[in-house]
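These notes are about the structure you will find just below.
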Amino acid sequence: MQKGELVYEGKAKKVYLTDREDAYLVEFKDDATAFNGKKHAQIEGKGALNNRISSLFFQYLAAAGVRTHFLERVSEREMLVQRVKILPIEVVTRNLTAGSISKRLGLEEGLKLSEPVVELYLKNDELGDPLINIMHAYVLGFATREQVEKIENMALRINDLLQQLLTPKRIRLVDFKLEFGSLPSGEVVLADEISPDTCRFWDAASSEKLDKDRFRRDLGGLTEAYQEILRRLES
Ligand code: UDP
């Protein structure tokens, strides 16, 4: 696999062209960022861990029939993915309250929601990724109506599948963020990553945080937490 030109660099990943017309190479960086990039650090080993963890989640979801951009993990830090156009929408699914929903609505963290809640955010760093609703998403042209309906349904299905995987491993899936991409045909597929950077994972017994909140909240032990997630996924 020939690594070509850098086409995009984000906070946690770089995307390169390859000698395959239909594929990109995604490289996971060791950078940790929070609060829209205001907090930043290098955490050795994080990129490799997120590459492994994301690859396992994508393989599991693909085996369950979810269309994803994932093709294969090609090295310690890199995965090969299908070329897609990323929709400018972040899709957050919540099972328990935490983070921004707790802050915005004045709710204690860890309350069980009677049903999963899907939220949409516009991907726009300058505006701080504002919360939008389903009508904003298609009326303002961020995606088609069919695409928005599809991604909400996919998010709920992925939530069910991830919980089926994680519950026996004593991991509570509190919430997570997904991104979707469109193929030239207009079909939407799951893209980006699924990792402790983009999910809240709590130990089922102790509620210990095994995700990026360890960095956001200065709890320390981020690498150990990510290793623990990988260990449980592989067990
Ligand atoms: N999330 C993410 N990227 C973002 C914002 C949120 O991956 O730009 C994830 C976050 O890790 C959590 C979920 O989405 O698992 C919900 O995040 P929330 O809205 O509570 O925002 P936070 O308080 O984490 O910024």
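Counting convention: from 1, in listed order, for ligands and their atoms alike. Hydrogens, waters and symmetry mates play no part in the numbers below; they use all other heavy atoms, side chains included. Residues take their numbers from the sequence shown, with the count starting at 1.
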*Is it true that E149 and R145 make a salt bridge, defined as a side-chain N closer than 4.0 Å to a carboxylate O?*
yes
In short, F70 meets S55 closest at the heavy-atom pair CE1-OG, 3.4 Å
Check the pair R200 / D175 against salt bridge (charged side-chain N to carboxylate O under 4.0 Å, His left out), numbers first and verdict last.
CA-CA 5 Å; R200 284 196 170 91; D175 58 34; 2.8 Å; yes
Contact set, ligand 1, heavy-atom distance under 4.0 Å, ordered by chain/number, equals E90, V92, R94, A98, G99, S100, Y121, D129, D175, F176, K177, D197, T198, C199, R200, R216
Closest non-hydrogen atoms of P130 and N124, given as atom of the first, atom of the second and distance, are CD-O, 4.4 Å
Next on the checklist: Counting neighbours of NZ on K169 that are heavy atoms of other residues, nucleotides or ligands and sit closer than 6.0 Å, is the number greater than 12?
Outcome noted: yes
### Query
Does K46 count as lying over the ring of Y226, i.e. NZ or CZ under 6.0 Å from the six-ring centre, within 45 degrees of the axis?
no
